[in-house]
There are 2 protein chains.
Amino acid sequence: MADVARLAGVSTMTVSRALKGNGAVTAATRSKINAAVDELGYVLDLSAGSLSSKRTGFVSAILPTLYNSNFSDTVNGISEVLGNGGKEILFGYTNYSREREEQLIEAMLRRRPEGIIVTGGTHTPRARQLLETAGVPVVETWDEPADPIDHVVGFSNAATIEDMTARLYFRGYRRIAFIGGDSTDDVRGFARRKGYERAVEMLGLERAHVVPLGPPPITIAHGGPGVARLLQEWPEVEAAICVSDPCAFGAIMECHRNGWPVPERLAVAGFGNFELSRHCWPTITTVAIACTDIGRRSGELILQAIDGQKPAIAPATKSIQIPHSIIERESTGEAASSRKS
Amino acid sequence: MADVARLAGVSTMTVSRALKGNGAVTAATRSKINAAVDELGYVLDLSAGSLSSKRTGFVSAILPTLYNSNFSDTVNGISEVLGNGGKEILFGYTNYSREREEQLIEAMLRRRPEGIIVTGGTHTPRARQLLETAGVPVVETWDEPADPIDHVVGFSNAATIEDMTARLYFRGYRRIAFIGGDSTDDVRGFARRKGYERAVEMLGLERAHVVPLGPPPITIAHGGPGVARLLQEWPEVEAAICVSDPCAFGAIMECHRNGWPVPERLAVAGFGNFELSRHCWPTITTVAIACTDIGRRSGELILQAIDGQKPAIAPATKSIQIPHSIIERESTGEAASSRKS
DNA sequence: ATGCCAAATGTTAGCGATAACATAAATAAG
DNA sequence: CTTATTTATGTTATCGCTAACATTTGGCAT
């Protein structure tokens, strides 16, 4: 920067101001500086700047996996809002491991992020403590923690599947099973299962039946074996709710393979409104969540909270509820006309 | 850090050495320091450290999209190797826009990465210049640039589809079409199309027919309309090669919907060996690329090149070729027995 | 012209760590 | 038991930028 300043015939401070775009710099000076920058091929060093200004321009986001377009949507929402807010995002993926999450949080704190977005409300004690004492806004997403650390942008996974179960009941199904979500490692999958069990009880159905599929991630590959096992264990079953759309898809493909018509032999529903479900045959009934909004709202909360540290500005909202809806499609017996969704 | 040093009764330099784990520090001193760190809840500030040491610990990786598990695999490979090498990765997504790539490169250079991994070998002139003058190792991936900037870890997209076309020919298909890859925005899709056209010519087929699908990303949603248009434009067609598996999947689902049996009425092949293709019905013939290896090799090259700046160490390999293979499945007429792949 | 205010630019100090060198302590060798 | 040598720790000086304050310049009213 000193070189640029020399070439432009100004002080480094003026160069700094010109490059940040905020401080007052004459158009003439600015163009001299830009010329010098171009000539020297200079690129600003933010790591030095952030040390001095105590603002790193980073926000961390921690998600379970790269391989789930629901989370990708959330990432997109975060990027959109924080990008506009002039922040960069440091992404990390836990592969559904809480230990890995703890490591990631610690690694990210070393970079002094100005805010942290995490997935879920269940953390190791040390991770929780790190988040609490980090001194920056924290947003927990995709869940409804009983005891939030700071902000929350989420929804009740249990309620979504409760609704789905009720909807299938309304459509006339009485023998309804749930596939996936056996272990407490899979916090959200387990919550969905609980929602199913609660609905079965409330609706007074004669039997609840869960086919557990082990720890997450539950992928397409799990759906086939899951549905095969279900039909063996409970041949009278009429409908299966899967922990996610990829799982439902795998189940439906297995049905095709075996000549079990969907939904006539077995109705199948999923969760997440993946692109897959809109286009496969039959189209899949699912729970739609505004995943991108989860990201957007989280980003907005972070930005507000960063600004809110200046006392003049109102503090950021603590908690935002994301709505869900049931999309009925062919896999649970809706007519072809509903395919347009 | 000064607080920690005071509490542990040592100098900040000793604290720094203890926390880095490299310098020589007595076990006794180290445990005193760790105690102080725990008591104060201190977390090392890497942004300060990197200013001083001139090593940021960052490597940037720029990819087209979050919504493609092939690229996710590459990301995983990169993370795996660079994580072990003690580097953190700064990800950016271009959404297939070269302008966005240029912006991202510039933004990332401000963070002084120790290496840069980009997707493809086609960049804006300014982006190219930024990469060339960045003074850090650069790896271009997923392609075979005619004029590489530095290192390359890739393969010939054209050759993969050339091979696929030949394989379909070998299986007896003569009227073979290609779906996708019309625009030069889609560098890799366009290369695949060229491979198809070259194969058609070399095999002496009577007709090449391409159904262009517009700029990337080409998703599941494009496959259905694509195949419908193909069958209308060229009713005698026997086989369709799609620019990617999701597109092939969309095409196959459209065939189901219309009662066109796959592969009897139309054989369909894809690219990328997505999970989808292994599990859908029928299973989809595809080109398998070692996507994770692209990431791993790229990460290794970066690490070697960073070390290689010390003259004693051999310079890193310039170019690595990633192999591909054709996986034949049901969608092109293989027997059910081949499904196991 | 003179003075005044605001906008533009300059000066100084320091952000929090580490490199490089200096010194002290511990160990090995003779 | 000394001296040589290694190992552990301390000291000092930046790294490249920006905050905070100081100063200058230019525009405008009087």
Side-chain angles (χ1 to χ4, degrees), chain A residues 1-34 36-37 40-58 86 88 106-107 109-114 134-136 309-310, chain B residues 1-34 36-37 40-58 86 88 107-114 134-136 309-310:
Chain A
M1 184 181 266
D3 295 342
V4 173
R6 206 172 306 121
L7 188 56
V10 295
S11 72
T12 60
M13 196 61 233
T14 305
V15 175
S16 172
R17 277 190 275 251
L19 262 45
K20 294 299 228 187
N22 46 6
V25 179
T26 317
T29 314
R30 171 166 279 127
S31 70
K32 265 193 303 183
I33 290 171
N34 285 335
V37 164
L40 297 174
Y42 171 72
V43 178
L44 191 62
D45 185 334
L46 288 183
S47 63
S50 54
L51 181 60
S52 177
S53 69
K54 302 176 144 256
R55 277 178 287 103
T56 55
F58 275 129
E88 277 164 53
E106 186 163 21
L109 287 178
R110 285 198 247 274
R111 299 285 182 185
R112 296 290 186 270
E114 298 179 52
V136 293
Q309 285 164 353
K310 304 163 197 158
Chain B
M1 184 181 267
D3 296 341
V4 173
R6 206 172 307 122
L7 188 57
V10 296
S11 73
T12 60
M13 196 61 232
T14 306
V15 175
S16 172
R17 277 190 275 250
L19 263 45
K20 294 298 228 189
N22 45 6
V25 180
T26 316
T29 314
R30 171 167 280 128
S31 69
K32 265 192 304 181
I33 290 171
N34 285 335
V37 164
L40 297 174
Y42 171 73
V43 178
L44 192 63
D45 185 334
L46 288 183
S47 63
S50 54
L51 180 61
S52 176
S53 68
K54 301 177 147 257
R55 276 177 287 102
T56 55
F58 275 130
E88 278 164 51
M108 299 202 143
L109 287 178
R110 286 198 246 274
R111 299 284 182 186
R112 296 291 186 268
E114 298 180 50
V136 294
Q309 285 164 353
K310 304 162 197 159

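Please read these numbers as outputs of a predicted model, since none were measured by experiment. Side chains are part of it too, since the values below use all heavy atoms of this structure and drop only hydrogens, waters and symmetry mates.
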When the distance from [atom1] of [X] to [atom2] of [N] is rounded to whole Å, what number comes out?
X      : N      : atom1 : atom2 : value
A/R17  : D/dC17 : CZ    : P     : 15 Å
B/R6   : C/dG16 : CZ    : P     : 13 Å
A/M1   : C/dT9  : CE    : C1'   : 14 Å
B/K32  : D/dA8  : NZ    : P     : 14 Å
A/L46  : D/dC15 : CG    : C1'   : 15 Å
B/R110 : D/dC17 : CZ    : P     : 12 Å
B/L19  : D/dA8  : CG    : P     : 17 Å
A/D45  : D/dT18 : CG    : P     : 9 Å

Would B/V136 and B/R112 satisfy side-chain contact (heavy atoms from CB on, under 4.5 Å), going step by step from the backbone distance to the final call? CA-CA 9 Å; B/V136 294; B/R112 296 291 186 268; over 6 Å; no
Of B/M13 and A/R30, the one whose closest DNA chain C nucleotide lies more 5': A/R30
Taking atom OG1 of B/T56 and atom CG of A/L46, what is their separation to the nearest 0.5 Å?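 One gets 11.5 Å once the value is rounded to the nearest 0.5 Å.
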Say you draw a straight line from CZ of A/R110 to CG of B/L19; how long is it, rounded to the nearest 0.5 Å?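 One gets 8.0 Å once the value is rounded to the nearest 0.5 Å.
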Base, sugar-phosphate or nothing for [X]? Non-hydrogen atoms, less than 4.0 Å.
X     : result
A/T26 : sugar-phosphate
A/T14 : sugar-phosphate
A/T29 : sugar-phosphate

Any donor-acceptor pair under 3.5 Å from B/E88 side chain to B/F58 backbone: no
If you check every side-chain atom of A/L51, which of D/dA19, C/dA19, D/dG16 has the closest atom? D/dG16
Out of D/dG16, C/dG10, C/dG16, whichever nucleotide has its closest atom nearest the side chain of B/K54: D/dG16
Any A/Y42 side-chain nitrogen or oxygen under 4.0 Å from OP1 or OP2 of D/dG16: no
Indicate, yes or no, whether a donor-acceptor pair under 3.5 Å links the base of D/dT18 to the side chain of A/S52. yes
Between A/R55 and A/S47, which is nearer to the 5' end of DNA chain D once each is assigned its nearest nucleotide?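 Its nucleotide being nearer the 5' end, the pick is A/S47.
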So which heavy atom on A/R55 is nearest to which on A/S50, and how close? O-CB, 3.1 Å
